[in-house]
> 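The structure under discussion is supplied below as structure tokens; questions concerning it will follow.
This chain uses plain numbering: 1 for the first residue, then up along the sequence. Predicted, not measured: the structure shown is a model, and the values here were computed from it.
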Amino acid sequence: MGRVPVASSEEKSLSVLLMGVIGSTAYGLAGPASDVDRLGVFAVPTVELHGLERPPESTVTYEPDVTLHEAAKFCRLALAGNPTVTELLWLPERLYETRTPLGVELIALRGGFLSARRVRDAYLGYATKQFRLLANRDGGYDPRVAKHARHLMRLCHQGLRAYRTGEIKVELDDPQAFRDFGERVAAGDLGAARAMLAEHEAGFAAATTPLPDAPDVAPVEAWLRRVRLAFL
């Protein structure tokens, strides 16, 4: 299994099943000062799940920026439609840095994690959160405003495309349009952000979707049991 060192008091390392570069680098929005964000899935020894204390389900390190979720937590988040977690399963191949056989199996299950209501609610929910951050700003140019606006547009576009097609496309077709939109909103055009959100809310309401009403949990459960067996 691939192994990534994780900072802890015991200086342990975790068994990583899948890891890749996500975030702005994956979208095509990274600039010279952007961090490189990595997300991964790890497995704990199965015996550790049977004690009084549950092992940590997530670890986060900085410089480099790496977030790792234990296999069960990753599955719960992905089944709930969490956009950041789900995108790990839809990355371009060049962005994967660790892919064990179990990680490859997890990627193969990616379509089963998606469901109509959860995709709609998750993407629109995150986009609405970005809009609230924009609406509550004090005024004046702030590069964080441009970032929030870019991610508002990205969530709207990626979410509606996933809803309409049943697939997630992580790389943006025209990253410059997202940068331009971010600068426009940062310059004071909050109305553009409001219109963007409203347009995609209407788009979701009018769209037909190939996605099922609920995710396909059984294959995910079977995969997790294979993970537990592999780490007995």
Side-chain angles (χ1 to χ4, degrees), residues 2 4 16-32 34-42 60 64-69 71 73-100 103-116 118-130 146-182 196-197 200 203-204 207 209-211 215-216 220:
V4 172
V16 175
L17 309 177
L18 182 68
M19 186 168 73
V21 176
I22 62 164
S24 295
T25 301
Y27 309 140
L29 294 175
S34 297
D35 296 325
V36 177
D37 299 311
R38 290 173 171 85
L39 178 66
V41 185
F42 71 93
V60 180
D65 296 338
V66 181
T67 298
L68 298 173
H69 296 307
K73 180 176 181 180
F74 179 90
C75 290
R76 290 196 303 270
L77 291 171
L79 288 168
N82 182 290
T84 302
V85 166
T86 305
E87 74 183 40
L88 177 64
L89 304 180
W90 296 86
L91 294 177
E93 288 201 8
R94 71 178 188 280
L95 295 180
Y96 287 111
E97 297 180 332
T98 299
R99 278 190 297 184
T100 68
V104 172
E105 287 183 32
L106 183 61
I107 293 172
L109 297 175
R110 63 190 184 181
F113 284 95
L114 304 180
S115 60
R118 293 179 185 181
V119 165
R120 181 188 65 237
D121 292 351
Y123 277 89
L124 280 180
Y126 276 73
T128 300
K129 181 179 179 180
Q130 295 297 319
K147 180 178 180 179
H148 293 317
R150 289 194 300 271
H151 288 304
L152 164 64
M153 183 177 179
R154 175 188 61 78
L155 287 159
C156 285
H157 278 246
Q158 288 180 330
L160 186 54
R161 185 185 187 281
Y163 191 77
R164 286 172 170 165
T165 67
E167 297 182 348
I168 294 173
K169 189 172 188 297
V170 176
E171 282 188 292
L172 302 175
D173 292 329
D174 184 8
Q176 189 58 46
F178 292 77
R179 296 189 190 97
D180 292 344
F181 179 78
M196 173 70 64
L197 183 58
H200 283 79
F204 271 100
T209 179
L211 292 173
D216 191 3
V220 178

> What are the two closest heavy atoms between G182 and A149, and how far apart are they?
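Taking G182 first and A149 second, the nearest heavy atoms are CA-CB, 3.8 Å.
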> Tell me whether K147 at atom NZ has more than 12 heavy atoms from other residues, nucleotides or ligands lying less than 6.0 Å away.
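For K147, atom NZ is not crowded (no more than 12 foreign heavy atoms under 6.0 Å).
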> By ring-ring contact (aromatic ring centres under 6.0 Å, His included), which residues pair with H69, not counting sequence neighbours?
none
> Run the side chain to side chain contact (heavy atoms under 4.5 Å, CB included) test against S34 and tell me which residues pass, sequence neighbours left out.
A30
> Restricting to side chain to side chain contact (heavy atoms under 4.5 Å, CB included), what partner residues turn up for D37, sequence neighbours left out?
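Counting only residues at least two positions away or on another chain, D37 forms a side chain to side chain contact (heavy atoms under 4.5 Å, CB included) with I22, D35, D65.
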> In the structure I gave you, are the side-chain heavy atoms of L17 and F42 within less than 4.5 Å of one another anywhere?
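The answer is no, as the side chains (C-beta and beyond) never meet within the 4.5 Å cut-off.
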> What residues, two or more places apart in sequence or in another chain, satisfy side-chain hydrogen bond (donor to acceptor under 3.5 Å, both in side chains) together with R38?
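R38 satisfies side-chain hydrogen bond (donor to acceptor under 3.5 Å, both in side chains) with E97 once adjacent residues are dropped.
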> Just grab all the salt bridge (charged side-chain N to carboxylate O under 4.0 Å, His left out) pairs involving residues 167-177, residues at least two apart or on different chains.
R94-E171, K169-D173
> Going by salt bridge (charged side-chain N to carboxylate O under 4.0 Å, His left out), name the pairs with one or both residues in residues 78-93, residues two or more places apart or in two chains.
E93-R99
> Can you name the nearest heavy-atom pair linking C156 to A127, along with the distance?
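In terms of heavy atoms, the two residues are closest at SG-CB, 4.0 Å.
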> Quick one: pull up CG in L152 and CD in Q130 and give me the separation to the nearest 0.5 Å.
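Reported to 0.5 Å precision, the distance equals 7.0 Å.
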> What's the spacing between L155 CG and Y126 OH if we round to 0.5 Å?
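Between L155 CG and Y126 OH, I get 9.0 Å after rounding to 0.5 Å.
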> Which heavy atom of V170 sits nearest a heavy atom of A26, and at what distance?
CG1-CB, 3.7 Å
> What verdict does the side chain to side chain contact (heavy atoms under 4.5 Å, CB included) test give for L106 and V41, after you've listed the backbone C-alpha separation in whole Å, the side-chain angles of each residue and the deciding distance to 0.1 Å?
CA-CA 10 Å; L106 183 61; V41 185; 4.1 Å; yes
> To the closest 0.5 Å, what do you measure between CG (L89) and CZ (F74)?
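Result: 4.0 Å between the selected atoms.
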> Does any non-hydrogen side-chain atom of H151 lie less than 4.5 Å from one of S24?
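A side-chain contact exists here, since the closest heavy-atom pair is under 4.5 Å.
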> If I take atom OG1 from residue T84 and atom CG from residue L77, how far apart are they, to the nearest 0.5 angstrom?
10.0 Å
> Working to the nearest 0.5 angstrom, can you tell me the gap between L197 CG and L124 CG?
7.0 Å
> To check you understand the geometry: which heavy-atom pair defines the closest contact between F113 and V220, and what is its length?
CZ-CG2, 3.7 Å
> Would you please name every residue forming a ring-ring contact (aromatic ring centres under 6.0 Å, His included) with Y163, sequence neighbours left out?
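Testing Y163 for ring-ring contact (aromatic ring centres under 6.0 Å, His included), a comparison that skips the adjacent residues, returns F204.
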> How would you list, by chain and number, every residue that makes a side-chain hydrogen bond (donor to acceptor under 3.5 Å, both in side chains) with R161, sequence neighbours excluded?
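Expected list: none.
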> Restricting to non-hydrogen atoms, name the atom on L160 and the atom on A207 that form the minimum distance, rounded to 0.1 Å.
CD1-CB, 4.4 Å
> Mind checking what makes side chain to side chain contact (heavy atoms under 4.5 Å, CB included) contact with F178, not counting sequence neighbours?
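Per chain and number, F178 pairs via side chain to side chain contact (heavy atoms under 4.5 Å, CB included) with L29, M153, R154, H157, L172.
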> Just to verify, what does R76 make a side-chain hydrogen bond (donor to acceptor under 3.5 Å, both in side chains) with, not counting sequence neighbours?
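Testing R76 for side-chain hydrogen bond (donor to acceptor under 3.5 Å, both in side chains), a comparison that skips the adjacent residues, returns E57.
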> Using the rule given for side chain to side chain contact (heavy atoms under 4.5 Å, CB included), can you reason through Y27 versus Q158, listing the C-alpha separation, both sets of side-chain angles and the distance that settles it, and then say yes or no?
CA-CA 10 Å; Y27 309 140; Q158 288 180 330; 3.9 Å; yes
> Can you list the residues that meet the side chain to side chain contact (heavy atoms under 4.5 Å, CB included) rule with A162, with sequence neighbours excluded?
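By the side chain to side chain contact (heavy atoms under 4.5 Å, CB included) rule, A162 matches V119, I168.
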> Where do T100 and V16 come nearest, in terms of heavy atoms and distance?
CG2-O, 3.5 Å
> If you round to the nearest 0.5 Å, how far is CG of L211 from CZ of R118?
12.0 Å
> Looking at side-chain heavy atoms only, is the closest gap between H200 and Y123 below 4.5 Å?
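H200 vs Y123: side chains apart.
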> If the condition is salt bridge (charged side-chain N to carboxylate O under 4.0 Å, His left out), which residues does D121 pass it with, not counting sequence neighbours?
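Here the qualifying residues are R117.
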